[in-house]
Amino acid sequence: MWVLFRGASPLRILLSLRGEWMGRRGLPRSLVPGPPRRRYRKEALPALEVPVLPLTTTEIRQYLRTHGIPFQDGHSCLRAPSPFVESSEVKDQTNTNASFSLFIDKTTGRFLCMTSLAEGSWEDFQASVEGRGDKAREGILLTEGPEAQDSEEIQRIWNRAVPLGELPDPEEAQLARVMFGLTKVTDDTLKRFSVRYLRPTRSLVFPWFSPGGLGLRGLKLLGAEGQGDRVRYVETTIPRPGAFHNLFGLPLISRRDVEVVLTSRELDSLALSQATGLPTLALPRGTVCLPPALLPYLEQFRRIVFWLGDDLRSWEAAKLFARKLNPKRCSLVRPGNQQPHPLEALNQGLSLSRILRTALPAWHKSIVSFRQLREEVLGELSNVDQTAGIRWSRFPDLNRLLKGHRKGELTVFTGPTGSGKTTFISEYALDLCTQGVNTLWGSFEISNVRLARVMLTQFALGRLEEQLDKYEEWADRFEDLPLYFMTFHGQQNIRSVIDTMQHAVYVYDVCHVVIDNLQFMMGHEQLSTDRIAAQDYIVGAFRKFATDNSCHVTLVIHPRKEDDDKELQTASIFGSAKASQEADNVLILQDRKLVTGPGKRYLQVSKNRFDGDVGVFSLEFNKSSLTFSVPPKSKARLKKIKDDNGLVAKKPSSGKKGSGSQNSETGSVQDPNSHQPDSS
Ligand SMILES: Nc1ncnc2c1ncn2[C@@H]1O[C@H](COP(=O)(O)OP(=O)(O)OP(=O)(O)O)[C@@H](O)[C@H]1O
């Protein structure tokens, strides 16, 4: 199935699996972001549950040609006349741009009619063209705005908010300007973008208008908290983030604009617009994602410049987003000291136009010279701490060994049967997900409901069955995580799994995929040679996927059958050596039943391609929270493996590189209990 489920409240998954899930407040929840629009009624289609094969642009083109539908080839969409508008609704029949108001996403086939705001899947479109369930022409289109409860809240907040320039107390206005770094942004700019200020919460209020600038459909509130000499911004959106997708600044874009600068914060768009006069839009969720539903709104631009921020994450996000928009029309402002966020640049008196001129083309030919790469290399060098990736907040020892979680890598994870692999990997992935790593889970062995229950328990750090009154609160917070689940269960074909992953990268900007476990893709080959060949092929496919999509893949693989009293090694991973050769990282959950008590486990990093540090650290299982992470006060002891001969103790505080070589591993892991406790 193609269907991916966002968030993971067990109830939601349960209902989703029955194809019945509705939004929290009883309305169908949009999995598809975008400004509020009229939704093509799904009930008109009988066959939505049928697995859908991935589409190619060629197929979409062929279909349109076969059905005599004229179309234009755009950057990321095809444009065609919309079957969802009465011809009288198209004011200017002679203008092809106006009459070709249907945008069909070249990758997914989803459509959006800019005139009627009808939208739907490729199957919806085909059904409509073929007269199957074509109720659209009969007027059965639903207008889906924010849910009623949200609408009231949006209006109430908006009515209570006032333009900054109209605050009665000039001191309060000045304080707000300082808090948000707006001292150089004029009242006129704030007014043009309709920004207001909510006094009771001391928040800026950014409105989201429907296209054409008419109805108010959503709000983003931005609060500022002082943290030492830094300011931390806190965002709240109505509707909630998963459904809040819009481009701030859209009403100010003219149809004739051919160039736009995309920013990751509304404040940056204000600064850019004021300093350069260029059209600018802010992405709804910053560097987190660029929902494909927004692509039609960007089709008109011949040049798109990304200026998302001053760190490596912004740079990586910009490169990913450029792929969706067609890299040939995209340029990227390189992050660095001299090129901070636009608002900071304005405040530092830098020339924003000059910085924009330094933007690098996102597109490289297949062969490039160092001259074309030198700026990118500089970007990496000047952000060297960030090239190590995202650090785990619950596993400091993992940070010490692996340094972080990086895009485009393949991690292979193994451990004895029933040792807690799923439980551990769930917490490891959850940790990253709570830090904004968009994650897709492929759990083939245990159901999504069970997995979500484990994750929610780990998230809440305790049993929810004993505090059901807190369930809604935790589930709400959990729902806002960028977490998606494949609906596969049991044996699967590797091709459909990879296709689903590809889809998730495109639609949800997923950058970490967890596959639990590989054995479920190996088919039913009986002969061991066939099984090994199948595994090698699958590992190769995941490796390629990770590299091609800049997406980290964590692959759980069962070990070979070995003596129970032996520790596992890299060579214990089932199959040939291919899995460990292809992997950037190999993690082994060591279960030392014979020596230690129940619950005690060790995590061994036996391969680390990033910098070669390998080692082992202990994990303490907490049965009520289902977590392995070290409770804040306990002392974690880390050992580095020198070579096959054994372990050398090492203080966790030492920053020196380990002497372990990339592939070194040990045949036996010394019991950490026999080591001297860290006295530091
Ligand atoms: N360290 C531990 N001590 C005791 N129980 C544990 C520990 N880790 C996990 N468990 C429990 O053991 C059960 C199995 O765990 P889990 O499914 O994570 O193992 P697994 O290694 O993925 O299993 P499989 O080999 O079947 O894939 C779960 O009920 C889990 O809560």
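When a ligand or atom number is given, it counts from 1 through the structure's own listing order. Worth saying up front: this structure is predicted, and the values here are computed from it rather than measured.
Inspection of the Asn622 and Thr627 side chains reveals no N or O donor paired with an N or O acceptor under 3.5 Å. Asp311 and Ser314 share a side-chain donor-acceptor pair at under 3.5 Å.
Contacts of Phe424 with ligand 1, taken as heavy-atom pairs under 4.0 Å, are absent altogether. In Glu445, the part holding a heavy atom less than 4.0 Å from any atom of ligand 1 is the side chain. Contacts with ligand 1 closer than 4.0 Å are made by side-chain heavy atoms of Arg601 only, the backbone lying farther away.
Using a non-hydrogen distance threshold of 4.0 Å, Gly418 registers as a contact of ligand 1.
Below 3.5 Å of separation, one finds no N or O of Asn517 facing any N or O of ligand 1. Between Ser419 and ligand 1, at least one N/O pair is under 3.5 Å apart.
Listed by number with element, the atoms of ligand 1 under 4.0 angstrom from any heavy atom of Thr417 are 25 (O). Annotation for ligand 1: atoms under 4.0 Å from non-hydrogen atoms of His558 are 25 (O), 27 (O). Counting atoms of ligand 1 from 1 in the listed order, those under 4.0 Å from a heavy atom of Thr423 are 9 (C), 15 (O), 16 (P), 18 (O), 30 (C).
Between Phe424 and Phe413, a ring centre-to-centre spacing shorter than 6.0 Å is recorded.
Salt-bridge formation is detected for the pair Asp584/Arg543: a Lys NZ or Arg NE/NH1/NH2 atom is positioned less than 4.0 Å from an Asp or Glu carboxylate oxygen. Between Lys324 and Asp509, at least one side-chain nitrogen of the basic residue sits less than 4.0 Å from a carboxylate oxygen of the acidic one, meeting the salt-bridge criterion.
Compare Phe413, Phe621, Phe628 by their heavy atoms: the one nearest to atom 5 (N) of ligand 1 is in Phe621. Relative to atom 19 (O) of ligand 1, the option among Pro416, Gly420, Ser426, Pro559 with the closest non-hydrogen atom is Gly420.
A cation-pi arrangement is present between Arg406 and Phe610 under the rule of less than 6.0 angstrom and at most 45 degrees off the ring axis.
Side-chain contact check for Asp476 versus Arg240: some heavy-atom pair is nearer than 4.5 Å. The closest side-chain heavy-atom distance from Gln458 to Thr423 is below 4.5 Å.
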